[in-house]
Amino acid sequence: MPSRKDFPGVSELLTHAVEAVGGAEREGQVRMAEAVGRAIRTGEHLAVQAGTGTGKSLAYLVPAIRHAVEKEATVVVSTATIALQRQLVDRDLPRLAKALKKPLGREPTFAILKGRRNYLCLHRLDTGAPEEPEDPALFDPFAVSRLGKDVKRLYEWSSDTETGDRDELVPGVSDQAWRQVSVTAKECLGVSRCPIGVDCFAERARGEAGRADVVVTNHALLAIDALQGYQVLPEHDLVIIDEAHDLVDRVTSVATGELTSPMVSAAVRRCGKLIDADIADRLMEAADGLTIMLDDAPPGRMDEMPKALGGSIAAVRDAAHACISALGSERKEEVEEATARKLARSLLDEVHDTAVRLIEAYDEDRAHQRDVVWLQNDKFSLSPRPPALKVAPLSVSGLLRERLFNVNTTVLTSATLTLGGTFDTLARQWGLPPSQGAKKAEGTATDKPPPADDNAPNWTGLDVGSPFDYPRNGILYVAKHLPAPGRDGLAKSTLDELAELIGAAGGRTLGLFSSMRAAKQATEELRDRIEHPILCQGEDSTSLLVQKFADDPRTCLFGTLSLWQGVDVPGPSLQLVVVDRLPFPRPDDPVASARQRAVEARGGNGFLTVAATHAALLLAQGTGRLHRATTDRGVVAVLDSRLATARYGGFLKASLPPLWPTLDPEVARAALRRLDDAAPA
């Protein structure tokens with residue numbers, strides 16, 4: 001290994017790595033790599049917006065690996081999607097490790113780490129899972145039959161798998177089946193007490209992660225590591241968060257609690273003969289009372305806790321506490337009894353702690369409330385589930401500041417971080433101080449240091465741009481002449497506009513809709529009007545639909561949220577992206593509406609802070625589907641006239657790539673016809 005004096009610099013290593021993997025060095029990539037290296041040296045946090053095609057994975061991996069090898073430290077890279085995890089572990093890191101072996105003096109190592117629930121538990125597989133059906137559909141003999149087949153597959157797979165990682169099982173199994181063969185961290189006996197601990201897949205993954213230079217994980221596990229009272233990730237001093245635009249939503253999801261009557265009943269069954277029957281019966285009675293209350297309560301956000309429901313939750317809390325006390329502390333006992341006690345305590349703790357949180361959510365006045373509570377009732381849906389009380393944090397900024405930015409040097413990156421032309425919107429959500437009016441360069445947010453603040457983390461924002469020539473290669477067409485979207489589905493004029501655009505493009509269309517209802521309406525009505533095939537999300541697995549769409553340039557694909565961020569189809573198969581309406585959160589979304597109200601209670605603009613930010617982020621992600629390679633060309637058509645007429649339209653447009661703008665439908669259609677004529681037959 002080279003001495004520290006002779007250790008190669010970031011720029012030298014990046015040049016070597018790019019040449020070794022057969023790529024071409026890009027200006028934005030070099031700027032980003034140097035900025036990441038500077039953040040590592042100074043300890044100042046960094047937010048980097050790097051457009052598609054920048055090569056940002058190499059730009060952060062090269063300085064991160066250099067740091068890990070030189071300092072013999074571990075670096076954590078967190079992503080939001082399985083697809084990016086797989087890209088890093090299966091493609092980017094193996095190639096990079098070989099490329100950097102010679103200049104660094106040894107081959108860097110890497111590992112992937114997920115939450116314990118993602119790994120097969122050999123002990124649970126050996127002893128069997130307690131019967132705890134939580135879904136009414138499981139009483140359907142056909143559903144039970146499917147569950148049995150899935151579990152049988154898992155038993156057979158357990159003999160073949162080397163990792164026990166659920167994501168490696170193809171095709172997958174239902175969540176209910178997976179629960180039969182896995183445990184949470186709280187349910188785990190621990191490697192020292194478990195009879196199969198030495199062969200544990202989860203422990204093996206943790207061991208590999210502890211020895212690796214780079215550990216690839218996900219935002220959910222990063223949140224669990226911050227939220228729990230015990231360490232999940234190995235010791236590290238640098239965190240790189242890719243797909244950072246998704247960080248707040250993923251952390252919020254992990255921090256959301258749920259209480260259902262079947263959960264309480266399952267906790268009673270887990271207690272079994274471990275505690276006195278009278279004490280367990282109290283909890284079962286509380287579960288029955290909760291069932292009655294939830295069946296009668298209207299779904300939606302609860303601004304006030306109904307007195308009767310509050311009493312029912314308090315009864316669950318007190319009865320669960322009595323069961324926990326009766327279980328007592330861990331003791332020396334047979335493995336079977338220890339397992340039963342661990343499973344019982346885990347669910348009892350969850351029931352008790354969630355009940356406490358639900359009650360305490362109303363302790364503060366509206367402007368200072370920390371949590372939002374709502375009732376989710378899906379019993380009349382196609383996949384009915386019991387009513388569930390949910391509680392989620394209104395903000396995770398304090399958690400992120402305390403448990404992430406105050407502990408580790410952190411780099412946040414994505415193709416979409418500047419909303420309204422500034423990092424400040426997302427910075428506030430992360431718990432970082434705003435940059436207070438720093439100027440931005442034309443078309444990008446500038447590299448800008450924040451103001452001095454002794455009580456807040458220091459951070460820098462950097463937009464390295466994109467190698468794509470957006471104004472030359474893409475058009476942003478806003479259909480200003482159309483009526484504003486209503487609540488009664490897509491208007492005839494909107495469907496006519498969509499049909500004309502698809503006709504001009506010769507297919508090649510990705511339709512991004514604000515609801516599944518709108519996507520299905522457009523699919524049904526346009527299939528009879530246009531000659532090109534239309535695929536609709538839900539008709540097959542999303543991955544297969546995207547593959548069919550990519551394989552046939554004349555095909556159109558319509559869908560909702562996962563397509564806004566999950567489609568990567570370069571080339572002539574995608575030359576038109578259509579957005580039916582601005583993607584504001586639904587008015588009845590409990591978390592978004594509560595956050596908006598909380599901002600307003602403190603004197604702020606709730607709509608701009610919450611709803612417009614949500615729309616800007618999704619709109620930027622959606623329009624980003626058009627350009628996936630430097631040769632891509634096409635049109636983004638927004639069929640919501642509010643983007644051109646509303647006061648907030650400027651904020652939303654400033655969040656998008658700098659496409660050439662037009663309000664003229666014939667300009668957009670003519671461009672699409674030219675592209676269709678020029679595309680390979």
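From a predicted model like this one, the values you see are computed outputs, not experimental measurements.
- D167 is linked by a salt bridge (charged side-chain N to carboxylate O under 4.0 Å, His left out) to K114, counting only residues two or more places apart in sequence or in another chain.
- The heavy-atom pair separating F110 from A97 by the smallest distance is CE2-CB, 4.3 Å.
- A donor-acceptor pair under 3.5 Å links the side-chain atoms of R66 to the main chain of P8, judged by distance alone.
- Between the side chain of R628 and the backbone N or O of L574 there is no donor-acceptor pair closer than 3.5 Å.
- More than 12 heavy atoms of other residues, nucleotides or ligands shown are found within 6.0 angstrom of CG on L544.
- Using a cutoff of 4.0 Å between basic side-chain nitrogens and carboxylate oxygens, D213 and R106 are scored as salt-bridged.
- Side-chain N or O atoms of Q49 include one that pairs as donor or acceptor with a backbone N or O of L417 at under 3.5 Å.
- Between the side chain of S346 and the main chain of K342, no donor-acceptor pair closer than 3.5 Å is present.
- Of all heavy-atom pairs spanning D242 and S57, the tightest one is OD2-OG, 4.4 Å.
- If you take CG on L46 and CD1 on I241, they are separated by 11.5 Å, rounding to the nearest 0.5 Å.
- Side-chain contact between Y60 and V48: absent, with no pair of heavy atoms (C-beta onward) separated by less than 4.5 Å.
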Report task. Using the salt bridge (charged side-chain N to carboxylate O under 4.0 Å, His left out) rule, take R86 and D92 through it: C-alpha gap first, then chi angles, then the decisive distance, then the call. Result -> CA-CA 9 Å; R86 293 258 65 97; D92 294 350; over 6 Å; no
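- No side-chain donor from either of H614 and D589 sits under 3.5 Å from a side-chain acceptor of the other.
- F405 and W430 make their closest contact through CE1-O, 3.2 Å (heavy atoms, listed as atom of the first residue, atom of the second, distance).
- Looking at D225, N218, V76, V215 one by one, the single match for side chain to side chain contact (heavy atoms under 4.5 Å, CB included) with L113 turns out to be V215.
- Ion pairing between a basic and an acidic side chain is recognised when a charged N comes within 4.0 Å of a carboxylate O; R31 and E27 show no such pairing.
- By the 4.0 Å N-to-carboxylate-O rule, E203 lies close enough to R116 to be salt-bridged with it.
- Here K390 pairs with E258 in a salt bridge; the nearest charged N to carboxylate O distance falls below 4.0 Å.
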Query raised in the report: Stepwise, does the salt bridge (charged side-chain N to carboxylate O under 4.0 Å, His left out) test hold for E187 with R124?
Result: CA-CA 10 Å; E187 293 170 338; R124 189 151 195 178; 3.7 Å; yes
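- Here the CG atom belonging to D175 is positioned 11.5 Å from the CD atom belonging to Q180, to the nearest 0.5 angstrom.
- Here the OG1 atom belonging to T252 is positioned 8.5 Å from the CD atom belonging to Q429, to the nearest 0.5 angstrom.
- The side-chain contact (heavy atoms from CB on, under 4.5 Å) check on R26 picks up Q29, with sequence neighbours excluded.
- Atom CG of N118 and atom CZ of F201 lie 14.0 Å apart (nearest 0.5 Å).
- The structure places SG of C121 at 7.5 Å from CD1 of I196, a figure rounded to the nearest 0.5 Å.
- With respect to S11, the side-chain hydrogen bond (donor to acceptor under 3.5 Å, both in side chains) criterion is satisfied by exactly one of E25, E34, H16: E34.
- Put simply, OG on S414 and CG on L426 are 8.5 Å apart, with the number rounded to the nearest 0.5 Å.
- Heavy-atom neighbours of R370 CZ from other residues, nucleotides or ligands within 6.0 Å: at or below the threshold of 12.
- Within the 3.5 Å criterion, the main-chain N or O of T410 finds a donor-acceptor partner in the side chain of H45.
- Counting heavy atoms from C-beta on, the side chains of S182 and Y119 never come closer than 4.5 Å.
- Below 30°, between 30° and 60°, or above 60°: for H627 and F468 the angle between ring planes is between 30° and 60°, a tilted geometry.
- Listed for the T54 side chain is a donor-acceptor partner under 3.5 Å among the backbone atoms of G51.
- A side-chain donor-acceptor contact under 3.5 Å links R95 to the backbone of V21.
- In terms of the side-chain contact (heavy atoms from CB on, under 4.5 Å) criterion, residue partners of S655 (sequence neighbours excluded) are, by chain and number, L419, A616.
- Side-chain contact between P657 and T623 is present, with heavy atoms from C-beta onward closer than 4.5 Å.
- A donor-acceptor pair under 3.5 Å is absent between the side-chain atoms of H236 and the main chain of V214, judged by distance alone.
- Residues Q537 and T542 meet the side-chain proximity criterion, which asks for heavy atoms closer than 4.5 Å.
- Nearest approach of P570 to D632, heavy atoms of both residues: CA-OD2, 3.5 Å.
- Minimum heavy-atom separation, Q565 to R625: O-NH1, 3.5 Å.
- S466 approaches T52 most closely through the heavy-atom pair OG-O, 3.3 Å.
- Checked by atom type and distance alone, the side chain of W178 pairs as donor or acceptor with a backbone atom of R117 at under 3.5 Å.
- A side-chain donor-acceptor contact under 3.5 Å links S593 to the backbone of P590.
- With respect to R250 and E243, no salt bridge is recorded, no charged nitrogen being found less than 4.0 Å from a carboxylate O.
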